[in-house]
Amino acid sequence: MEITARAPGKIILAGEHAVVHGYTAVASSIDLYTVVSLRLCSEDEDTIKLQLNEVGLDFSWPIERIKEVISHLGSPFSSTPTSCSLETVKSLTALVDEKNFPETKIGLASGVCAFLWLYTSILGFKPATVIVSSELPLGAGLGSSAAYCVALSATLLAFSDSVKLDASQKGWLMFKETEVELLNKWAFEGEKIIHGRPSGVDNSVSTFGNLIKYKSGSMTRINSNMPLRMLITNTKVGRDTKALVANVSSRKSRHPDAMCSVLNAIESISDEWSTIIQSHAVDDLSLSANEEKLGELMEMNQGLLLSIGVSHASIETVLQTTMKYKLASKLTGAGGGGCVLTLLPTQLSEAVVDKLVEELESYGFQCFRAGIGGKGVQISFDGSS
């Protein structure tokens with residue numbers, strides 16, 4: 001039997017960097033997915049296999065070798081999300097290192113460790129093949145690692161005794177609320193192995209879908225009532241998130257009053273975003289008016305992000321290009337490269353979007369069209385979804 005799960009990526013609509021200092025941010029799911037398929041094998045195969053399609057990496061571990069390294073785990077504990085101890089992380093890292101990871105892809109090793117922890121904790125030592133494919137670029141701030149942990153946790157839990165799913169149903173299915181809460185906790189444990197101290201926003205958006213307001217560790221799920229589309233431009237410029245966050249903090253300590261005003265303004269934008277996106281547009285005219293307001297908020301947010309020092313020449317190139325088409329854009333995530341969001345109004349023709357994409361891609365950028373605020377993690381039993 002094979003089970004497939006898909007989990008969406010995420011974008012920060014408003015409030016990045018301000019959220020680090022206790023202000024509100026708004027994050028949304030996007031309809032670009034990471035897909036994980038899991039097929040249990042017969043006991044005599046005696047291996048656990050992991051295939052990462054997009055990066056061209058395949059792994060295979062004899063179950064006896066895994067048991068040698070983490071035999072202290074005992075039987076699986078799928079209903080009790082548990083943190084991986086530092087000692088176990090070291091053991092798993094040694095197991096991954098045995099596979100002679102390519103030097104250029106060494107950053108992915110923590111994701112393989114997360115796989116081994118989630119797999120053995122939820123399913124134990126059953127032989128299986130797990131295949132991962134994704135529409136999300138890695139390390140671009142679109143929540144690729146969270147979507148991976150969420151989709152992986154979903155397939156593993158579907159084979160466990162902790163969730164009850166109807167395997168006779170066709171198409172993409174949703175988990176029950178209690179089950180999805182459990183899934184989110186497991187995905188967070190995977191994220192901790194990859195990132196150390198994640199906020200939990202990325203995996204929550206990928207698990208529950210729609211939008212989340214986040215402030216000082218508190219998350220509020222909100223529903224979008226607007227059919228919004230974004231063009232997401234990946235500048236392909238790598239960025240050092242820790243350094244960018246540290247630079248904003250030091251600017252705040254040098255200019256506390258000015259920075260407090262900027263961060264308060266960013267929070268006002270986040271609050272207004274969530275109010276507008278939850279409102280019901282009664283006709284096309286009011287929808288267009290709301291889209292125009294959101295575009296203005298994006299422009300203001302970008303101006304404020306520029307003022308705190310997190311923009312980049314590549315981001316400015318995207319902004320200047322989209323401005324020629326009278327479209328509003330802003331960076332999303334840490335800045336310093338990474339991705340830029342451009343709001344695509346409902347009335348905008350596809351021909352114009354095609355022309356814009358062509359121009360942006362001529363700079364070497366990568367473009368994705370995405371709907372925002374859609375469903376979270378889903379599962380399928382029919383293998384054809």
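What you see below is based on every heavy atom in this structure, not just the backbone, and it leaves out hydrogens, waters and symmetry mates. Numbers for residues simply follow the sequence, beginning at 1.
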Reported [atom1]-to-[atom2] distance for the pair [X] and [Y], which is rounded to 0.5 angstrom:
{"X": "S78", "Y": "L182", "atom1": "OG", "atom2": "CG", "answer": "7.0 Å"}
{"X": "I372", "Y": "L228", "atom1": "CD1", "atom2": "CG", "answer": "4.5 Å"}
{"X": "F208", "Y": "N184", "atom1": "CZ", "atom2": "CG", "answer": "4.5 Å"}
{"X": "T342", "Y": "M298", "atom1": "OG1", "atom2": "CE", "answer": "6.5 Å"}
{"X": "F188", "Y": "D202", "atom1": "CZ", "atom2": "CG", "answer": "10.5 Å"}
{"X": "L118", "Y": "L123", "atom1": "CG", "atom2": "CG", "answer": "10.5 Å"}

Sequence neighbours left out, cut at 3.5 Å: what donor-acceptor pairs do the side chains of residues 251-262 make with other protein atoms?
from : atom 1 : to   : atom 2 : distance (Å)
R251 : NH1    : S307 : O      : 2.7
S253 : OG     : S250 : O      : 2.8
S261 : OG     : D257 : O      : 3.2

Minimal non-hydrogen separation, [X] against [Y], with atom names:
{"X": "L136", "Y": "G143", "result": "CD1-O, 4.4 Å"}
{"X": "A7", "Y": "A147", "result": "CB-O, 3.4 Å"}
{"X": "C367", "Y": "L231", "result": "CB-CD1, 4.1 Å"}
{"X": "W172", "Y": "T4", "result": "CZ3-O, 3.7 Å"}
{"X": "A328", "Y": "G295", "result": "CB-O, 3.3 Å"}
{"X": "C149", "Y": "I194", "result": "SG-CD1, 3.7 Å"}

Checklist line | Derivation and outcome, side chain to side chain contact (heavy atoms under 4.5 Å, CB included), residues S224 and N210 | finding: CA-CA 7 Å; S224 168; N210 243 302; 3.7 Å; yes
Would you kindly confirm whether [X] and [Y] end up in one hydrophobic cluster when ILVMFWY residues are joined by side chain heavy atoms under 4.5 Å apart?
{"X": "I131", "Y": "F381", "answer": "no"}
{"X": "L116", "Y": "L57", "answer": "yes"}
{"X": "L244", "Y": "I315", "answer": "yes"}
{"X": "M230", "Y": "F365", "answer": "yes"}
{"X": "V35", "Y": "I3", "answer": "no"}

Considering residues, nucleotides and ligands other than [X], do more than 12 of their heavy atoms fall under 6.0 Å from its [atom1]?
{"X": "K326", "atom1": "NZ", "answer": "no"}
{"X": "D166", "atom1": "CG", "answer": "yes"}
{"X": "E358", "atom1": "CD", "answer": "no"}

Do [X] and [Y] come close enough that some side-chain heavy atom pair is under 4.5 Å?
{"X": "I66", "Y": "I70", "value": "yes"}
{"X": "L343", "Y": "L327", "value": "no"}
{"X": "E54", "Y": "L138", "value": "no"}
{"X": "E272", "Y": "E296", "value": "no"}
{"X": "V96", "Y": "T93", "value": "no"}
{"X": "L92", "Y": "T120", "value": "no"}
{"X": "Q302", "Y": "E316", "value": "yes"}
{"X": "V340", "Y": "T322", "value": "no"}

Checklist line | Pair C339-L142, side chain to side chain contact (heavy atoms under 4.5 Å, CB included): steps then yes or no | finding: CA-CA 8 Å; C339 290; L142 299 182; 4.0 Å; yes
Give a yes or no answer on whether the side chain of [X] reaches the backbone of [Y] with a donor-acceptor pair at less than 3.5 Å.
{"X": "S286", "Y": "D283", "value": "yes"}
{"X": "W117", "Y": "S83", "value": "no"}
{"X": "E135", "Y": "Y33", "value": "yes"}
{"X": "S28", "Y": "G373", "value": "yes"}
{"X": "S206", "Y": "G9", "value": "no"}
{"X": "T155", "Y": "S37", "value": "no"}

Next item on the list: With sequence neighbours excluded, tell me which residues meet side-chain hydrogen bond (donor to acceptor under 3.5 Å, both in side chains) with E68.
Entry: R65
What I want to check is whether the side chains of [X] and [Y] have a donor and an acceptor closer together than 3.5 Å.
{"X": "E191", "Y": "S145", "answer": "yes"}
{"X": "Y325", "Y": "E359", "answer": "yes"}
{"X": "T24", "Y": "S270", "answer": "no"}
{"X": "T235", "Y": "H312", "answer": "no"}

Check: Taking the six-membered ring for Trp, are W61 and F59 parallel (under 30°), tilted (30 to 60°) or perpendicular (over 60°)?
Finding: parallel
Please determine whether a side-chain nitrogen of the Lys or Arg among [X] and [Y] lies less than 4.0 Å from a carboxylate oxygen of the Asp or Glu.
{"X": "R6", "Y": "D31", "answer": "no"}
{"X": "K215", "Y": "E267", "answer": "yes"}
{"X": "E16", "Y": "K10", "answer": "no"}
{"X": "E87", "Y": "K90", "answer": "no"}
{"X": "R221", "Y": "E177", "answer": "yes"}

Next item on the list: Kindly determine whether V352 and K355 satisfy side chain to side chain contact (heavy atoms under 4.5 Å, CB included), including the steps that lead there.
Entry: CA-CA 5 Å; V352 172; K355 196 175 173 192; 5.7 Å; no
Item checked: Working for side-chain hydrogen bond (donor to acceptor under 3.5 Å, both in side chains), residues T346 and E291 -> CA-CA 8 Å; T346 311; E291 288 175 340; 2.4 Å; yes
Checklist line | Under 4.5 Å side-chain linkage, directly or through intermediates, the cluster mates of V245 | finding: V19, V20, V201, V205, I212, Y214, M219
Next item on the list: Mind running side chain to side chain contact (heavy atoms under 4.5 Å, CB included) on L305 and S311 for me, showing each step along the way?
Entry: CA-CA 7 Å; L305 290 164; S311 195; over 6 Å; no
